[in-house]
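Below is one structure, written out as structure tokens; comments come after it.
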There are 2 protein chains.
Amino acid sequence: MNIERRSTGSRRASAALVSRAERLCHDQNLRFTPMRRRVLAELAASPEPLTAYDLADRVREEKRVAPVTVYRALEFLLDAKLIHRIVIRNAYTACDHAPHHDATPVFLVCTRCGTVEEVPSEAFQRDLSETIAEAGFRPKSRVFEIEGECAKCHAAP
Amino acid sequence: MNIERRSTGSRRASAALVSRAERLCHDQNLRFTPMRRRVLAELAASPEPLTAYDLADRVREEKRVAPVTVYRALEFLLDAKLIHRIVIRNAYTACDHAPHHDATPVFLVCTRCGTVEEVPSEAFQRDLSETIAEAGFRPKSRVFEIEGECAKCHAAP
DNA sequence: AGATAAAATGATATAACATAACAGTCAACG
DNA sequence: CGTTGACTGTTATGTTATATCATTTTATCT
Ligand SMILES: [Zn+2]
Ligand SMILES: [Zn+2]
Ligand SMILES: [Zn+2]
Ligand SMILES: [Zn+2]
């Protein structure tokens, strides 16, 4: 099974990701405001997930902003499926899969460098879904997050 | 968080779980102190996961206790694999699988009644592990949590 | 354009979850 | 005994997230 990798290392992708988001919002009649753009750009430029307070600090360098404003932007971006929340980090990361796959991805979170890789999970979820269906459980949302050491860090000294 | 009445059944199960924990700690030369016993008993008696502050409130009814004391008990119980942390709830739940399975379980968290069901995930993890290994990622810990509606709630009006 | 309704943001406060730092207590062991 | 190490108490603070209401911006309709 092959794996799509998030190019977390490349900051050049940030501009592309933001303009893609802009098109996507325009097509869906969603308002891609300066604040939302700014928050997404910061996330897209960061190799690791950022907390709401991290984001507030970064945005604040050019304009005073309260955490709640960042939370509102994050909520919009989550709804638009432009970003993900990494629950085990209480942090947020841009999604560069477009259009977004349906199944909730699995996130591989490196304990050394902090990067997050997003892995599609269709195959696993098929099996899991059967088991869950047998239990009569109706899933609405899922969190699959794995902490460990990424390939790069493992190779490093 | 909300307070739910405990059934006689869960109290009985709670006692069994606590004495099992007592034996387990004795065998491993771990100190099963009154505070740890008390915290585990509260978790075992609760049909849904409890936060550290929920626990502090409950223990406080008989003895003044600070949140940090509860956190210390929780840390011990987590290390001893007697409880689990439900990350999407910032809450803790007793584990009644003894001895504990090796694979990280999948937790099914009901959005209506709040109960948590723990299901083994060997098959799921086998597939997942292969894919992850291909990416060179060395997993250390995992979170698999699914929110939805449990069978009981789905049947109810 | 001007009125108006809806959406977004600003500002302040507070809730909820978690850890740091240090002092006191208690049981085990030589 | 007295020392040691583990546990607990106490206070303070850090971190993440939400509530509330005022103000500004944007879209929509005369
Ligand atoms: Zn994605
Ligand atoms: Zn790494
Ligand atoms: Zn368990
Ligand atoms: Zn339910």
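So that the names make sense, note that chain A is the first sequence line, chain B the second, and so on, each numbered from 1.
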To the nearest Å, give me how far apart [atom1] ([X]) and [atom2] ([N]) are.
X	N	atom1	atom2	value
B:Phe32	D:dA6	CZ	P	20 Å
B:Arg60	D:dT10	CZ	P	11 Å
A:Tyr71	C:dA8	OH	C1'	19 Å
B:Arg72	C:dA20	CZ	C1'	10 Å
A:Lys63	C:dA8	NZ	C1'	11 Å
A:Arg64	C:dT9	CZ	P	16 Å
A:Glu75	D:dA19	CD	P	10 Å
B:Tyr92	C:dA16	OH	C1'	12 Å

Can you tell if the side chain of B:Pro139 reaches within under 4.5 Å of the side chain of B:Ile132, non-hydrogen atoms only? yes
Distance flag, aromatic centroids of B:Phe76 and B:Tyr71, threshold under 6.0 Å: no
Determine whether the aromatic ring centres of B:His84 and B:Phe107 lie less than 6.0 Å apart. yes
Could you check which of [options] has an atom nearest any side-chain atom of [X]?
X	options	result
B:Thr51	D:dT26, D:dC7, C:dC17	C:dC17
B:Val68	C:dT19, D:dG9, C:dA11	C:dT19
A:Arg31	D:dT26, C:dG10, D:dC7	D:dT26
B:Asn90	C:dC17, C:dT9, D:dA17	C:dC17

Using a heavy-atom cut-off of under 4.0 Å over every strand shown, decide if A:Arg36 touches base, sugar-phosphate, or nothing. sugar-phosphate
Sugar-phosphate, base or nothing in reach of B:Ala66, heavy atoms under 4.0 Å: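 Answer is base: heavy atoms of B:Ala66 come under 4.0 Å of a base.
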Answer yes or no for this row: B:Tyr53 ring on C:dC17 base, centroids under 5.5 Å, planes under 30°. yes
Pick the closest DNA chain D nucleotide for B:Pro67 and for B:Met35 by heavy atoms, then say which residue is nearer the 5' end.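 Its nucleotide being nearer the 5' end, the pick is B:Met35.
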Just by distance, with hydrogens left out, do B:Glu147 and B:Thr111 show a side-chain donor and acceptor under 3.5 Å apart?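 Per modelled atom types, B:Glu147 and B:Thr111 side chains form no pair under 3.5 Å.
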Please state whether the phosphate of [N], meaning OP1 or OP2, lies under 4.0 angstrom from any side-chain nitrogen or oxygen of [X].
X	N	result
A:Thr69	C:dT9	no
A:Arg85	D:dT16	no
A:Thr33	C:dT9	yes

Are the side chain of A:Arg138 and the backbone N or O of B:Glu149 linked by a donor-acceptor pair below 3.5 Å? no
